[in-house]
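Okay, so here's the structure we're looking at.
Every heavy atom of this structure was used, including side-chain atoms; hydrogens, water molecules and symmetry mates were not. Just so it is clear, the structure is predicted and the values come from calculations on it, not from any experiment.
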Amino acid sequence: KKAGNGIPALFSAWPSASRRQGFPRSMESYALAAQDVNGILLPVAAAWLAAWDREATLDLYSDGLHPSTAGAYLSALVIHAKLLGKSPLGLPTSLTTRSGVTITLVPAVAEILQQAADQVWTSSTQTLRF
């Protein structure tokens with residue numbers, strides 16, 4: 001814990017689509033960084049791989065670097081699970097933003113993403129303690 005009782009949380013980002021072979025090294029780098037700062041790892045990149053293991057055709061990138069709606073949803077599921085210590089299974093598949101825009105995932109896709117996030121969360125040994 002740091003001076004203000006904060007715990008660093010490192011978001012394990014994914015490499016660009018053109019560098020998908022870089023996932024293992026990227027994930028290792030974030031894990032080592034989290035360890036070095038006595039922080040917690042938010043294993044988003046691992047969840048992307050777990051999702052593709054379930055359904056290889058999932059489009060998690062929007063432009064080869066940034067996440068699609070599905071990629072952002074999966075990232076949020078991992079963060080939710082890690083920060084709250086709760087399974088992401090059964091979370092809503094749509095939301096309405098403050099501006100009134102509704103974002104909805106196909107329920108079958110959302111289920112795959114929830115399962116991938118849950119797999120990564122349950123296999124992770126780090127949890128935040130408030």
Query - Leu77 vs Asp118, side chain to side chain contact (heavy atoms under 4.5 Å, CB included): CA-CA, chis, key distance, verdict - result: CA-CA 8 Å; Leu77 292 172; Asp118 187 68; over 6 Å; no

Query raised in the report: How are the rings of Trp14 and Trp48 set to each other: parallel, tilted or perpendicular (split at 30° and 60°)?
Result: parallel

Query raised in the report: What distance separates Gln119 CD from Gln114 CD, expressed to the nearest 0.5 Å?
Result: 14.0 Å

Query - Joint hydrophobic cluster, Val78 plus Leu83, side-chain heavy atoms closer than 4.5 Å - result: yes

Query - CD1 on Ile40 to CD on Gln35, rounded to 0.5 Å - result: 13.5 Å

Query raised in the report: More than 12 non-hydrogen atoms from neighbouring residues, nucleotides or ligands closer than 6.0 Å to CZ on Arg54, yes or no?
Result: yes

Report task. Kindly work out whether a path of hydrophobic side-chain contacts (I/L/V/M/F/W/Y, heavy atoms less than 4.5 Å apart) joins Val44 to Leu74. Result -> yes

Query raised in the report: Going from CD on Gln115 to OG on Ser87, what distance comes out if it is rounded to the nearest 0.5 angstrom?
Result: 10.0 Å

Query raised in the report: Looking only at atom types and distance, does a side-chain atom of Ser75 sit under 3.5 Å from a main-chain N or O of Gly71, one as donor and one as acceptor?
Result: yes

Report summary line: d(Leu49 CG, Met27 CE) to nearest 0.5 Å is 5.5 Å

**Report entry** Interatomic spacing from OG1 in Thr69 to CD1 in Ile103 - rounded to 0.5 Å
**Finding:** 6.0 Å

Query raised in the report: Is there a path from Val106 to Leu95 through hydrophobic residues (I, L, V, M, F, W, Y) whose side chains come within less than 4.5 Å of each other?
Result: no

Query raised in the report: Between Trp121 and Lys82, does a side chain to side chain contact (heavy atoms under 4.5 Å, CB included) hold up when you go through it step by step?
Result: CA-CA 7 Å; Trp121 172 65; Lys82 291 295 290 184; 3.9 Å; yes

Report task. Supply the atom-to-atom distance Leu41 CG to Phe11 CZ, rounded to the nearest 0.5 angstrom. Result -> 10.5 Å

Report task. Please assess Leu58 against Leu113 for the test side chain to side chain contact (heavy atoms under 4.5 Å, CB included), listing each intermediate value before the final yes or no. Result -> CA-CA 9 Å; Leu58 284 172; Leu113 300 175; 3.9 Å; yes

Report task. Check for a donor-acceptor pair, side chain of Ser68 on one end and backbone N or O of Ser62 on the other, with a separation under 3.5 Å. Result -> no

Requested in this report: Begin with the C-alpha distance, continue with both residues' side-chain angles, and end with the deciding distance and a verdict on side chain to side chain contact (heavy atoms under 4.5 Å, CB included) for Arg20 and Tyr61.
Outcome: CA-CA 11 Å; Arg20 281 181 67 171; Tyr61 292 102; 4.0 Å; yes

**Report entry** Side-chain heavy atoms of Tyr73 within contact of Thr93, under 4.5 Å
**Finding:** yes

Query - Check: Gly100 main-chain N/O paired with Thr96 side-chain donor or acceptor under 3.5 Å - result: no

